[in-house]
Amino acid sequence: MSCNDIATELTSLVERGDAHPPQEQGGAGCLKAGRTRNSIFLTVFVGIAVPFFFFILGRVSVVGGLSSSLRHNVSSSSTRSKYRRVQGLGFQIYTGGAPAYINNDTKHHVPNPECIGRFSYGQLVGEDHPHLQCYIGHENATVDVARRIEIMTDAIERAHDLADGDEETLKVFIAPEFYWRGVNGAYLFLDEAPGDPETCGPVCQLLVGMENIVAQKRFENWLFVMGTVIASEELPKADPFDYLFYNFAPLYKGYDPAKHDFRGKRFLVPKRYVSSSDFLTPRRHLDSSIFKELVGEELPEHDKTVYNPHDFDRRRYDYRAWDEYKEELDALGYTMIEYDWLMMDGLSMTVEICLDHQMRTAQSAYNGDMVAGRTTLIPSSSDDGLDYVQIPFYQAQVSLVSSAGMTVMSESLVLTHKGTIFLQDGLSNDTNVMYWNTEDECESGLQFDGGTEAVQRTAFLSVTEVLFEHHTIDDFGKYDLYGSDWKERINETFSTALYPPQITVFGAVDIPDIILDGI
């Protein structure tokens, strides 16, 4: 997202009372930095930061790394989780719109064959000039979902072959945002009934497909973020713009069906904020002559492409509409992760989708809950089933982000000492890097980049300062999902114009042990 897009997004939200803009770097709350090898230190000069961290660390100790004056006498067996390490496995596949133009072998700008003849041409919001793309997928939604399930299954199988086999290592598989969306830009919610083939529409179909994958003994120690689903629901009104829009991530804990059922193993993570790049503006809302001139073809008259809610000043997904489905979701064994926080087998975790990470939804939930007296309850899953507990005030041991056009943002982190964040993006296959930016006014300061990212944060305290050290996990490998026939394997389901699908496998890292003093 461009700097202007971000400014417009925040201004609109603040004017409508939906959010407060994140504090800009500079001024009274500015961040200072120094570079040490692959790590960067940040010194935070904020009045409340030092006493707040002393208060937290007075009640909670995280084993290792803290100043000796702050370290508690604790044993290494203090963790409440059966997992000692966590391993990130990212499914790197391009999930954005296919570019209408590509460079051919002679470097000439030519129409992309993937888009020719499609009715799903559109334009990205906020571009200074027409930046045309098209949605890729099968016109038959059932076929489209079946193909995406097949590719997702291949990715999970490949990840399983490459993963750490230790039972004390939690394997975290993450697919990018927009993995499930179809040729019209969104799957249409139908009157669906899982288990009944005649009334199981595309959303139902993909959920059932994912449920079948994770219900295997070999995935007992796996957590899956299966990308995100873009869906729309038509309201019973004459106005063609009366649609509800949803963007949510299906999240699953693998299990052995011979020992456990699916209760407490299925979750949905709704996205709150609509980014300017979440949807294409359909050509019917633009000057069709421009499309004809640029594309050089007569486009099909029919156009079922969903409209772009951002064009109509809709900055949030229809989050509250989920309340109407709670009973139905409960019956299917799905639990809503409403505040982007959950406990999984004793581990504190956050899960955010793209722009929500930049808007600090998990951090805001944490801060608001602390101020309100810690009354918020979040799901807690274990082998014993599902419970609800308070948001842990020691923050997250592991954070996850599924995105398309987002990177890890240090100011959005809500990680405990030595906590780790994994991010999988659907618009980049760049290598996981960290750097200090002094040239870009909008994105100055500490920056992370990469299609698949893993970052750890460490806290250091003195009498006058709170220091955060960030470093990327550089122990990783990239592995092709398919061979030289990769274009044929994903053609007409995902764009092949950018890069081949890969699995990025990080080395397992220790999960910080948490000590609760009298709590």
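Scanning for salt bridge (Lys or Arg N to Asp or Glu O under 4.0 Å) contacts around Asp340 gives Arg272, with sequence neighbours left out. Residues passing the side chain to side chain contact (heavy atoms under 4.5 Å, CB included) test with Ser232 are Ala186, Leu188, Tyr243, Phe245, Val306, sequence neighbours excluded. Shown here are the ring-ring contact (aromatic ring centres under 6.0 Å, His included) partners of Tyr482, two or more places apart in sequence or in another chain: there are none. Partners of Ser402 by side-chain hydrogen bond (donor to acceptor under 3.5 Å, both in side chains), not counting sequence neighbours: none found. By the ring-ring contact (aromatic ring centres under 6.0 Å, His included) test, Phe476 is found to be paired with Phe506, residues two or more places apart in sequence or in another chain being considered. The side chain to side chain contact (heavy atoms under 4.5 Å, CB included) check on Thr407 picks up Asp449, Glu453, with sequence neighbours excluded. Judged as a salt bridge (Lys or Arg N to Asp or Glu O under 4.0 Å), and not counting sequence neighbours, the contacts of Glu150 are Arg147. Every residue two or more places apart in sequence or in another chain was checked for a salt bridge (Lys or Arg N to Asp or Glu O under 4.0 Å) with Asp369, and none qualifies.
Relative orientation of the Tyr334 and Tyr252 rings is perpendicular, given thresholds of 30° and 60° on the angle between their planes. Ring geometry, Trp222 versus Phe224: the interplanar angle falls under 30°, so the pair is classed parallel (tilted spans 30 to 60°).
Applying the salt bridge (Lys or Arg N to Asp or Glu O under 4.0 Å) test to every pair with at least one member in residues 200-225, sequence neighbours left out, gives these pairs: Glu157-Arg218, Glu211-Arg266, Lys217-Glu220, Glu220-Lys259. Listed by first and then second residue, the side chain to side chain donor-acceptor pair (under 3.5 Å) pairs that reach into residues 173-188 are Asp144-Tyr187, Arg148-Tyr187, Glu177-Asn247, Glu177-Lys271, sequence neighbours excluded. Residue pairs meeting the salt bridge (Lys or Arg N to Asp or Glu O under 4.0 Å) criterion with at least one partner in residues 381-398, sequence neighbours excluded, are Lys82-Asp383. Pairs engaging residues 479-489 under the salt bridge (Lys or Arg N to Asp or Glu O under 4.0 Å) rule: Asp154-Arg489, Asp485-Arg489 [sequence neighbours left out].
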